[in-house]
Amino acid sequence: MRKFVIAGNWKMNKTLPQAVALASDMREGLRALEEIDVIICPPFLALAGVRDAVQETTIAVGAQNMHWEVEGAYTGEVSPRMVQDLCTHVIIGHSERRSHFGETDTMVNHKVVAAIAHGLTPIVCVGETDDENRAGKTQEVLDRQATQALAGLSAQQAAAAIVAYEPVWAIGTGRAASPAEANDTSGLVREVISRECGTPTAAAIRILYGGSINPGVWPDIIAQPEVDGGLVGGASLIADDFVSLANQTRAAHAASLGR
Ligand code: 13P
């Protein structure tokens, strides 16, 4: 049985005091959710403050990106060793990094490999653009992104990663994928992982959905058998909404145990 996940990607929002305040606002509501993994991913500069704010809870803290080299002349970058000191998870290859900052599948792979080498759980993002979707290229794009992201990992290492299917057309648009779309496409990603890493890995790896998740649409999406959790943007900046999404995820996890 796959342990469900709810992860908040705060993107480039919140100063340090604002981030600590938001984490503190969520803390009580997220406290008693051991059955699922709850992860919050603030900006780098707020990682230490947020980590301290959620101490002695089961809330995990993740970064939103990192470089793959351990140290060196890479002005402005943050290394896996620095991230490792502050958190347990790291989002890799978000579509905003791919589109705004030129991250390639090869760079994504270097980062995934580095994350695992440093004991971090990568949350690896894949997803097609609107144009690719309309052109019928979704399967081809996801196949390429997932295959290259996980290249070189052992079956066991890949099983411990988390994959997030985030269709670019659903991110920040208010137009979430339908439950059937989220399920079918997550299933496609799982098939690619099965081919590349073997069936036990595909059966164990968590595949999240992301894109315009809110408490109104989430129960129907998380009820899908191929969806093991969510990566939330905008709604993760609203404490009550994120706590609601976490509770909905816990309820879906409990329901899935009986299926
Ligand atoms: P929204 O939930 O704001 O659409 O963002 C999704 C996302 O990009 C999470 O990584």
Side-chain angles (χ1 to χ4, degrees), residues 4-14 18-19 22 26 36-44 46-47 50 59-66 83 87-101 103 108 111-112 115 120-130 132-133 138 141-142 145-146 149 161-179 181-182 185-186 189 206-222 224 227-249:
F4 281 14
V5 179
I6 192 80
N9 174 8
W10 294 4
K11 307 193 179 181
M12 195 175 73
N13 295 289
K14 304 297 173 188
Q18 289 170 340
L22 179 57
M26 293 176 172
I36 62 169
D37 286 340
V38 179
I39 307 158
I40 52 181
C41 304
F44 283 128
L47 283 174
V50 166
I59 303 166
V61 177
Q64 300 172 14
N65 176 38
M66 66 175 200
V83 170
C87 44
T88 50
H89 293 72
V90 57
I91 298 171
I92 302 287
H94 191 280
S95 65
E96 288 151 15
R97 299 232 35 102
R98 294 178 190 256
S99 66
H100 300 316
F101 304 103
E103 279 194 17
V108 169
K111 293 180 180 201
V112 169
L120 292 156
T121 300
I123 302 173
V124 187
C125 300
V126 298
E128 82 287 4
T129 64
D130 199 25
E132 290 163 341
N133 185 285
T138 300
V141 169
L142 296 178
Q145 290 179 341
I162 296 173
V163 172
Y165 167 57
E166 297 207 311
V168 178
W169 47 267
I171 295 176
T173 59
R175 189 181 138 218
S178 70
E181 279 172 317
T185 319
S186 300
V189 174
R206 274 89 58 85
I207 301 182
L208 316 186
Y209 166 78
S212 295
I213 292 175
N214 64 59
V217 300
W218 186 233
D220 288 341
I221 298 177
I222 186 58
Q224 301 298 312
V227 179
D228 305 315
L231 181 56
V232 188
S236 74
L237 296 169
I238 302 164
D240 286 350
D241 280 1
F242 192 65
V243 169
S244 295
L245 291 168
N247 278 307
Q248 291 171 342
T249 305

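These values consider heavy atoms only, across backbone and side chains, with no hydrogens, waters or symmetry-generated copies. One-based numbering, in listed order, for ligands and for the atoms of each.
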Going by the order shown, which atoms of ligand 1 are within less than 4.0 Å of some heavy atom of [X]?
X    : answer
E166 : 6 (C), 7 (C), 8 (O), 9 (C), 10 (O)
N9   : 9 (C), 10 (O)
A170 : 4 (O)
L231 : 9 (C), 10 (O)

Do the side chains of [Y] and [X] get nearer than 4.5 Å, heavy atoms only?
X    : Y    : result
E103 : N65  : yes
M66  : L120 : yes
P42  : L47  : yes
I40  : F242 : yes
P167 : N133 : no
D130 : R175 : yes
D241 : W218 : no

Identify, for atom 3 (O) of ligand 1, the protein heavy atom at the shortest distance, and state residue, atom and that distance.
->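 The answer is G234 N, 2.8 Å.
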Closest approach of any protein heavy atom to atom 5 (O) of ligand 1, naming residue and atom |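 Among all protein heavy atoms, the one nearest atom 5 (O) of ligand 1 is K11 NZ, 3.3 Å.
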Taking atom types as modelled, is there a side-chain donor on H94 or E166 under 3.5 Å from an acceptor on the other?
-> yes
Look only at interatomic distance and state if H94 has a nitrogen or oxygen under 3.5 Å from any nitrogen or oxygen of ligand 1.
-> yes
Geometric N/O contact T173 with ligand 1, under 3.5 angstrom =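 Checking ligand 1 against T173, no N or O pair falls under 3.5 Å apart.
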Heavy-atom contacts under 4.0 Å between S95 and ligand 1: side chain, backbone, both, or neither?
->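 Neither; nothing of S95 gets under 4.0 Å from ligand 1.
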Considering only heavy atoms, does I171 approach ligand 1 within less than 4.0 Å through its side chain, its backbone, both, or neither?
->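 Both backbone and side chain of I171 come within 4.0 Å of ligand 1.
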Among G172, A235, G233, closest by heavy atom to atom 4 (O) of ligand 1 is G172
For G211, is the nearest heavy atom under 4.0 Å from an atom of ligand 1?
->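 Heavy atoms of G211 do come under 4.0 Å of ligand 1.
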